[in-house]
Amino acid sequence: DLPELNLAWRPREVPAPRERVFEFLADLENHWPLAGRYVEVLELEEPPGRMRGGRVKIRGPLGLGRIARTRVLSAEEPSAMSGEARIGRSTSAAVSWSLSDLGTGTRVELRARIERLGFLDRLVLALGGTRLLQRMFDSTLESLAQRFGGTSA
């Protein structure tokens with residue numbers, strides 16, 4: 001029994017129309033610069049401008065790094081996207097973006113739900129990985145807001 005990890009504990013307002021934010025997020029290639037120091041891109045799949053999957057190294061606590069295979073599973077323009085991240089054979093998580101029109105901008109929420117968790121990844125989460133993932137998601141949302149001219153929260 002795995003609890004949902006709501007890593008978007010502080011959704012962000014992005015000062016841009018929902019359609020522009022969705023268009024930016026629709027290309028997976030744009031996600032990795034948002035994650036900053038937490039994620040290193042190892043390989044992207046599909047032609048440039050239409051990236052839908054790849055392999056990334058996620059930097060964990062105590063210098064641990066885990067390789068994740070990611071892919072976009074669905075997109076509902078301009079309000080939602082979902083995908084998955086798999087680490088090895090035993091760990092997987094569903095990841096989703098939700099975009100709500102605020103009139104003056106877009107409210108963006110990023111969530112992750114663990115579906116399966118292997119022993120090593122359970123240990124990584126216990127050693128501070130959950131807090132690190134929360135910081136990574138918060139930093140990603142902050143970078144997205146800044147990308148569209150927002151200020152630090």
Side-chain angles (χ1 to χ4, degrees), residues 2-12 14 16 19-99 106 108-150 152-153:
L2 300 168
E4 179 174 336
L5 288 179
N6 182 356
L7 301 174
W9 56 276
R10 225 171 38 174
R12 294 296 168 128
V14 175
E19 293 75 16
R20 278 190 52 217
V21 176
F22 182 89
E23 181 181 333
F24 178 79
L25 291 173
D27 184 355
L28 191 61
E29 192 171 15
N30 291 328
H31 291 218
W32 310 128
L34 297 176
R37 63 186 173 103
Y38 297 104
V39 175
E40 175 187 351
V41 177
L42 302 175
E43 170 189 22
L44 292 172
E45 300 167 355
E46 307 293 330
R50 294 187 307 159
M51 301 295 176
R52 306 276 300 167
R55 284 183 335 116
V56 297
K57 181 176 183 178
I58 301 170
R59 291 182 174 83
L62 307 174
L64 295 173
R66 301 292 285 142
I67 305 297
R69 180 162 293 285
T70 64
R71 68 182 177 133
V72 175
L73 297 175
S74 69
E76 298 171 31
E77 189 173 350
S79 59
M81 292 181 63
S82 65
E84 70 177 359
R86 293 185 178 273
I87 299 174
R89 289 184 226 137
S90 56
T91 298
S92 64
V95 180
S96 64
W97 294 82
S98 175
L99 289 71
T106 304
V108 180
E109 190 169 359
L110 178 55
R111 293 180 184 251
R113 184 185 73 249
I114 294 176
E115 296 178 334
R116 293 183 326 183
L117 190 60
F119 175 77
L120 180 57
D121 294 308
R122 191 177 300 271
L123 182 62
V124 168
L125 289 178
L127 291 173
T130 301
R131 285 185 304 282
L132 182 74
L133 285 172
Q134 287 174 330
R135 283 195 304 273
M136 180 177 77
F137 276 52
D138 190 48
S139 174
T140 297
L141 290 169
E142 178 63 24
S143 294
L144 181 64
Q146 288 178 4
R147 160 77 172 73
F148 286 95
S152 187

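These figures come from a predicted structure and were not determined experimentally.
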Engineer: Identify which one of Arg71, Arg69, Arg113 satisfies the salt bridge (Lys or Arg N to Asp or Glu O under 4.0 Å) criterion when paired with Glu84.
Structural biologist: Arg71
Engineer: Specify the closest pair of heavy atoms between Met81 and Val72, including all atoms of both residues, with the distance to one decimal.
Structural biologist: CE-CG1, 4.1 Å
Engineer: Please report the closest heavy-atom contact between Pro78 and Leu99, naming both atoms and the distance.
Structural biologist: O-CB, 3.8 Å
Engineer: Does some side-chain heavy atom of Thr140 sit less than 4.5 Å from a side-chain heavy atom of Tyr38?
Structural biologist: no
Engineer: Less than 4.5 Å apart, side chain to side chain, heavy atoms only: is that true for Leu125 and Leu133?
Structural biologist: yes
Engineer: To the nearest 0.5 Å, what is the distance between CG (Leu120) and CD1 (Ile87)?
Structural biologist: 9.0 Å
Engineer: Distance-only, no hydrogens or angles: does the Arg116 side chain make a donor-acceptor pair with backbone N or O of Arg89 under 3.5 Å?
Structural biologist: yes
Engineer: Take atom CD of Glu19 as the centre, draw a 6.0 Å sphere, and report whether it contains more than 12 heavy atoms from other residues, nucleotides or ligands.
Structural biologist: yes
Engineer: Quick check on side chain to side chain contact (heavy atoms under 4.5 Å, CB included): which of Val41, Leu42, Leu44, Thr70 does Arg55 satisfy it with?
Structural biologist: Leu42
Engineer: Could you give the distance from CG (Leu132) to OG (Ser139), rounded to the nearest 0.5 Å?
Structural biologist: 10.5 Å
Engineer: Measuring only between side-chain heavy atoms, which start at C-beta, is Leu34 closer than 4.5 Å to Phe24?
Structural biologist: yes
Engineer: So which heavy atom on Arg86 is nearest to which on Ser92, and how close?
Structural biologist: NH1-CB, 3.9 Å
Engineer: Mind checking whether Arg12 and Leu144 have side chains closer than 4.5 Å, heavy atoms only?
Structural biologist: no
Engineer: For Ala68 and Ile58, which heavy atoms make the closest approach, and how far apart are they?
Structural biologist: CB-CD1, 3.9 Å
Engineer: What heavy-atom pair brings Phe22 and Ala75 nearest, and what distance separates the two atoms?
Structural biologist: CZ-CB, 3.8 Å
Engineer: Taking only residues two or more places apart in sequence, or in another chain, which ones meet Arg131 in a salt bridge (charged side-chain N to carboxylate O under 4.0 Å, His left out)?
Structural biologist: none
Engineer: For the side chain of Ser82 and the backbone of Leu73, is there at least one donor-acceptor N/O pair under 3.5 Å apart?
Structural biologist: no
Engineer: Kindly compute the distance separating CG (Leu141) from CD (Gln146), expressed to the nearest 0.5 Å.
Structural biologist: 11.5 Å
Engineer: Could you list all the ring pair (Phe, Tyr, Trp, His ring centres under 6.0 Å) pairs where at least one residue sits in residues 70-98, not counting sequence neighbours?
Structural biologist: His31-Trp97
